[in-house]
Number of protein chains: 2
Amino acid sequence: MASSSPVVDLYNLSNYTFYKKDPKIEKDTSVHERLARMRFNYMKEGMRTTVAGILLIQEHNHPHLLLLQIGNTFCKLPGGRLKPGENEIEGLKRKLTSKLGCNYPDRVPDWQIGECVARWWRHHFENKMYPYCPSYIKPKECRMIYMVHLSETGYFAVPKNLKPLAVPFFELYDNAQRYGTVISEIPLLLSRFQFNMFNNN
Amino acid sequence: MASSSPVVDLYNLSNYTFYKKDPKIEKDTSVHERLARMRFNYMKEGMRTTVAGILLIQEHNHPHLLLLQIGNTFCKLPGGRLKPGENEIEGLKRKLTSKLGCNYPDRVPDWQIGECVARWWRHHFENKMYPYCPSYIKPKECRMIYMVHLSETGYFAVPKNLKPLAVPFFELYDNAQRYGTVISEIPLLLSRFQFNMFNNN
């Protein structure tokens, strides 16, 4: 039916256990360095495709987004760059395992990847991204943002240099200055979803 | 498949014929008046539900959104307020016919309503809307934005006091100052769609 919304189940943060694992050192120490590496890779491999996952929990019946904080301020979604030719879903699973996956044999994650909720384009070698790409632009990056459905409980292992945060939608929305456009727009992108809130208490 | 995107067919603006019909006088002459009427209706009927339609065409292989301009600056999506208890899809069809429908018997529109792409909430009696509603808020309005799929050709009749405009996505995006948040965010909300561009020439 045209009027039905997709439903997503959300559980309390306390249903999930977070471990630490070896740090994943960031490849770049500055925006300038990052754009230079992008330019270099573009010459070798053409447009880069990156993927990121939306992992949600709830507190006080309000959806929260799982972010990874680097240093004191910068936050990012779990995800990363695909290998040339790699399938998006497989690549996202690989990246989620690298950023969040437990290594214990019985706690290996079985990621449930949902639909793509947004596609962002980097038109030029600069920070700004756009949600469309005119035909006369040769884009430098395409970033696809996917829903990731969590089970009722789960185990995550996060690299020591990253700090997992659960940030409420009301804090993210309209706050591009703190979280960047891609993250701050997620509450809007999910406004068409219906959230089923499950409470432990 | 999780990685497939919904596909939308877009045709040139010249495939559609626009007629004029009797004006639809706006109920309010100022934002202040509008909020006062909202408050009055809220006391009688509770939260209002409004619906709006996204109608797209393409020019130069770039998607354009159909807007209705009132006066010299203000633009809005075709749509309006549902009657208490009215079904959203039926209500949107009624509103689209009132704002865009031809009266000629053989040109009566058969609206193809697609999925809901966003839900906005008015938390208080003010202009600002949010893409979420915390449980402690008693919302004053819920606005649902739907895709409307156009056929290859079509006839529209627009009230004389409204001017139909086809505005390119690159002009809408990041331009809340000119178009308001609800409209300027549409390119992002549709970034997950794949557009099939059909050209006449």
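Letters A, B, ... mirror the listed sequences (proteins, then strands); counts begin at 1.
Salt-bridge check for R39(A) with E33(A): failed, with every basic side-chain N at 4.0 Å or more from each acidic carboxylate O.
No side-chain donor-acceptor contact under 3.5 Å links R34(B) to the backbone of M38(B).
Comparing V117(B), L92(B), N61(B) by how many heavy-atom pairs each has under 4.5 Å with chain A, the most go to V117(B). With respect to chain B, the highest number of heavy-atom pairs below 4.5 Å among M197(A), H60(A), R192(A) belongs to R192(A). Looking only at heavy-atom pairs under 4.5 Å with chain A, the residue among P131(B), P63(B), C133(B) that has the most is P131(B). When each of E185(A), H62(A), M147(A) is checked for heavy-atom pairs under 4.5 Å with chain B, E185(A) comes out on top.
The two residues R119(A) and S191(B) come nearest to each other via the heavy atoms N-OG, 2.9 Å.
In this structure, Y104(A) has its ring center closer than 6.0 angstrom to the ring center of Y19(A).
Screening F195(B), F198(B), Y16(B) against Y11(B) for a ring pair (Phe, Tyr, Trp, His ring centres under 6.0 Å) leaves a single residue, F198(B).
Interface residue F193(B): only backbone heavy atoms are found under 4.5 Å from chain A. Heavy atoms of F170(A) lying under 4.5 Å from chain B belong to its backbone as well as its side chain. Residue contact with chain A, scored on non-hydrogen atoms closer than 4.5 Å, involves the side chain of W120(B) exclusively.
In this structure, K128(B) forms a cation-pi arrangement with Y130(B), its terminal cationic atom sitting closer than 6.0 Å to the ring centre and no more than 45° off the ring axis.
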